[in-house]
Amino acid sequence: MGLGKKTVEEMDVRGKRVLVRCDFNVPMKDGKITNDNRIVAALPTIKKLIENGGKVILCSHLGKPKNGPEEKFSLAPVAVRLSELLGKEVVFANDDTVVGENAKAAVAAMKDGDVVLLQNTRFRKEETKNLPEFSQDLASIADCYVNDAFGSAHRAHCSTAGVTDYVKDTAVGYLMEKEIRYLGSAVNDPVRPFTAILGGAKVADKLNVIANLLEKVDTLIIGGGMAYTFLVAKGYGVGTSLVDEEKVEYCKEMMAKAEAKGVKLLLPVDTVITASFPDPIDGPVDVKVVPSDSIPADMMGLDIGPKTRELFAEAVKASKTVVWNGPMGVFENPTLAAGTLAVAKAMAEADATTVIGGGDSAAAVMQLGYADKMTHISTGGGASLEYLEGKELPGIACIQNA
């Protein structure tokens, strides 16, 4: 599948001011960055623009400032880390209005290959409402625009979409290109057999994903907390397990749809049960394994059992494309991580294109040590889900077509 969008490779940036939307929404503690993965992921695009002689102006949001500027959400620490990683000074333009006197002066002083980082885009109230005033301010300091923030591509904000109303030369960065190529191709043009694995807590979060994937996959595997609503839809008692009562009828419809389309829908055949949810989440817990149709009334399922692990692993290994979103159980607890681990291991060993759809699944794969064995791990949680739903993402739709 062609990408369909202009990429940073095709952009002539020499001597031009390039506004780059990055995802620097990094975890912070006491003003220190605790994980710089997102900053590292942005480096290839930034380096390419520096090499090609662009004046590189970076912008991003960080956290959710409620009432305008808040010091704890400043991007100042990101500028420091970026300077270290790039081996050159990244000038931090500290303006509460994002595009204020500091930013304008810093941009005016830029030479080709220089890098400036703007203050948190969410310090402006207009950002999340996508109002033209802020989009125009951002556009006023740019000749061209690159979006490399897939994790925010599902939001129509000033810095992800609105700015392109005023800057016409636009492209996607390497990170965004990879997401479109792998997530998009995996779902819309898969090498078959194509298997999708959905887990996580709630059916409600994945309603449209299930419906969309049933149109495309050969096998759909359902695990995690959402499996229990499907088991109820089959007429099983699931004890005190998580159930989305309002979605039981929907699950019946989806099972009927799978049957009508000849899609194999796999549910857990056995379940790891406990008397109560572990507290703390990684604390010791007594478990036993029962068939999925025999969960005692006073017990809850918190992971898939050994027979299910084998069943799911076999399906994965027989596939040529596998997309996974959502863990199989409470993977944060070592006793309840076996199901998620089994799926990760099967994907790592499969002779297939393997795509992890962001969020908890990405965290699980990294935590369990299988990250380098996957074809692609998405950087977007909500954006990945909306992509799997088949939605057009505003942050991609607004970029020039190739």
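Pairing each heavy atom of Met374 with each of Ala348, the nearest pair is CE-N, 4.0 Å. Heavy atoms only, all atoms of each residue included: Ala139 and Val163 are closest at N-CG2, 3.9 Å. For the pair Met110 and Ile57, the tightest heavy-atom approach, listed with the atom from each and the gap, is SD-CG1, 3.9 Å. Nearest heavy-atom pair across Gly390 and Asn212 is N-ND2, 3.3 Å. Looking at every heavy atom in both residues, Phe312 comes nearest to Ile222 through CZ-O, 3.7 Å. Closest non-hydrogen pair, Ala371 versus Met366, comes out as CB-CG, 4.0 Å.
Other residues, nucleotides and ligands place no more than 12 heavy atoms under 6.0 Å from the NZ atom of Lys202. Atom NZ of Lys264 is surrounded by 12 or fewer heavy atoms from other residues, nucleotides or ligands within 6.0 Å. Heavy-atom contacts from other residues, nucleotides or ligands closer than 6.0 Å to CD of Glu259 number 12 or fewer.
A heavy-atom distance below 4.5 Å is found between the side chains of Val56 and Leu58. At least one side-chain heavy atom of Leu86 sits under 4.5 Å from a side-chain heavy atom of Ile50. Counting heavy atoms from C-beta on, the side chains of Leu118 and Leu19 come closer than 4.5 Å. Using a 4.5 Å cut-off on side-chain heavy atoms (C-beta onward), Met299 and Thr274 make no contact. Inter-residue side-chain proximity for Leu82 and Ile46 is flagged as met; some heavy-atom pair is nearer than 4.5 Å. In this structure, Val316 and Trp324 have side chains that are not in contact, with every pair of non-hydrogen atoms separated by 4.5 Å or more. The shortest side-chain heavy-atom distance between Val20 and Val8 does not fall under the 4.5 Å cut-off. Between Lys125 and Phe134 there is no side-chain heavy-atom pair separated by less than 4.5 Å.
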Enumerate donor-acceptor pairs with a distance under 3.5 Å from any side-chain N or O in residues 92-106 to protein atoms, sequence neighbours excluded.
unit_1 : atom_1 : unit_2 : atom_2 : d
Asn94  : OD1    : Gln119 : NE2    : 2.9
Asp95  : OD1    : Asn102 : N      : 3.2
Asp95  : OD2    : Gly100 : N      : 3.4
Asp95  : OD2    : Asn102 : N      : 3.4
Asp95  : OD2    : Ala103 : N      : 2.6
Asn102 : ND2    : Asn94  : O      : 2.7

Ignoring hydrogens and angles, write down the donor-acceptor pairs under 3.5 Å from the side chains of residues 286-296, residues two or more places apart or on other chains.
unit_1 : atom_1 : unit_2 : atom_2 : d
Ser292 : OG     : Pro268 : O      : 2.8
Ser292 : OG     : Val269 : O      : 3.4
Ser292 : OG     : Asp270 : N      : 3.2
Ser292 : OG     : Thr271 : OG1    : 3.0

Could you list the donor-acceptor pairs under 3.5 angstrom formed between side-chain atoms of residues 326-345 and any protein atom two or more places apart in sequence or on another chain?
unit_1 : atom_1 : unit_2 : atom_2 : d
Asn333 : OD1    : Thr335 : N      : 2.9
Asn333 : OD1    : Thr335 : OG1    : 3.4
Asn333 : ND2    : Ile281 : O      : 2.9
Asn333 : ND2    : Gly283 : O      : 2.8
Thr340 : OG1    : Met328 : N      : 3.0
Lys345 : NZ     : Glu349 : OE2    : 3.0

Donor-acceptor contacts, no H, no angles, side chain residues 190-199, under 3.5 Å, sequence neighbours left out:
unit_1 : atom_1 : unit_2 : atom_2 : d
Arg192 : NH1    : Lys216 : O      : 2.8
Arg192 : NH1    : Asp218 : OD1    : 3.4
Arg192 : NH1    : Asp218 : OD2    : 3.1
Arg192 : NH2    : Lys216 : O      : 2.9
Thr195 : OG1    : Ser319 : OG     : 2.7

Please output the side-chain donor-acceptor pairs of residues 392-401 that fall under 3.5 Å, not counting sequence neighbours, one pair per line with the distance.
unit_1 : atom_1 : unit_2 : atom_2 : d
Gln400 : OE1    : Thr170 : N      : 2.6
Asn401 : OD1    : Lys5   : NZ     : 2.9

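Proximity of a side-chain donor or acceptor of Glu10 to a complementary backbone N or O of Thr7 within less than 3.5 Å is detected. A donor-acceptor pair is defined here as one N or O able to donate and one able to accept, closer than 3.5 Å; such a pair exists between the side chain of Asn120 and the backbone of Phe73. Using modelled atom types, one side-chain atom of Thr375 and one backbone atom of Thr354 make a donor-acceptor pair closer than 3.5 Å. Without hydrogens or angle criteria, Arg38 side chain to Asn25 main chain gives a donor-acceptor distance under 3.5 Å. Checking side-chain atoms of Ser152 against main-chain N and O of Ala149 turns up no donor-acceptor pair under 3.5 Å.
Note on residues 60-80: no pairs pass salt bridge (charged side-chain N to carboxylate O under 4.0 Å, His left out), not counting sequence neighbours. Among residues at least two apart or in separate chains, salt bridge (charged side-chain N to carboxylate O under 4.0 Å, His left out) pairs with a member in residues 238-258 are Glu215-Lys257, Glu249-Lys252.
Applying the side chain to side chain donor-acceptor pair (under 3.5 Å) test to Asp114 and every residue at least two apart in sequence or in another chain returns nothing. For Phe230, the ring pair (Phe, Tyr, Trp, His ring centres under 6.0 Å) test picks out no residue, with sequence neighbours left out. Residues satisfying the side chain to side chain donor-acceptor pair (under 3.5 Å) criterion with Thr240, sequence neighbours excluded, are absent altogether. Listed by chain and residue number, Tyr182 satisfy the ring pair (Phe, Tyr, Trp, His ring centres under 6.0 Å) test with His376 (two or more places apart in sequence, or in another chain). Every salt bridge (Lys or Arg N to Asp or Glu O under 4.0 Å) that Arg124 has, sequence neighbours left out, goes to Glu126, Asp137.
In this structure, NZ in Lys29 is found 15.0 Å from CD1 in Ile33, a value given to the nearest 0.5 Å. The CG atom of Asn325 sits 4.5 Å away from atom CG of Leu385, with the distance rounded to the nearest 0.5 Å.
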Original post:
Does the side chain to side chain contact (heavy atoms under 4.5 Å, CB included) test come out yes or no for Met255 and Leu267, once each step is laid out?
Top reply: CA-CA 10 Å; Met255 291 192 291; Leu267 294 168; 4.1 Å; yes

Subject >> Full working for side chain to side chain contact (heavy atoms under 4.5 Å, CB included) between Phe150 and Asp23 >> reply: CA-CA 8 Å; Phe150 180 74; Asp23 182 3; over 6 Å; no

**OP:** Decide side chain to side chain contact (heavy atoms under 4.5 Å, CB included) for His61 and Thr128; before the verdict, give the C-alpha distance in whole Å, the side-chain angles of both, and the deciding distance to 0.1 Å.
**Re:** CA-CA 10 Å; His61 77 285; Thr128 53; over 6 Å; no

Subject >> Audit row: Thr121, His157, side chain to side chain contact (heavy atoms under 4.5 Å, CB included) steps and yes/no >> reply: CA-CA 10 Å; Thr121 55; His157 289 176; over 6 Å; no

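Applying side chain to side chain contact (heavy atoms under 4.5 Å, CB included) to Phe24 and the options Leu75, Leu62, Asp36 leaves one that passes, Leu75.
A salt bridge between Lys48 and Glu51 is absent, with no side-chain N of the basic residue lying under 4.0 Å from a carboxylate O of the acidic one. With respect to the salt-bridge test (charged N to carboxylate O, under 4.0 angstrom), the residues Lys6 and Asp169 qualify. In summary, Lys320 and Asp351 engage in a salt bridge, as defined by a charged side-chain N under 4.0 Å from a carboxylate O.
Side chain to side chain, Arg21 and Ser159 meet the donor-acceptor criterion of an N or O pair below 3.5 Å. Donor-acceptor pairing under 3.5 Å is lacking for the side chains of Asn208 and Lys391.
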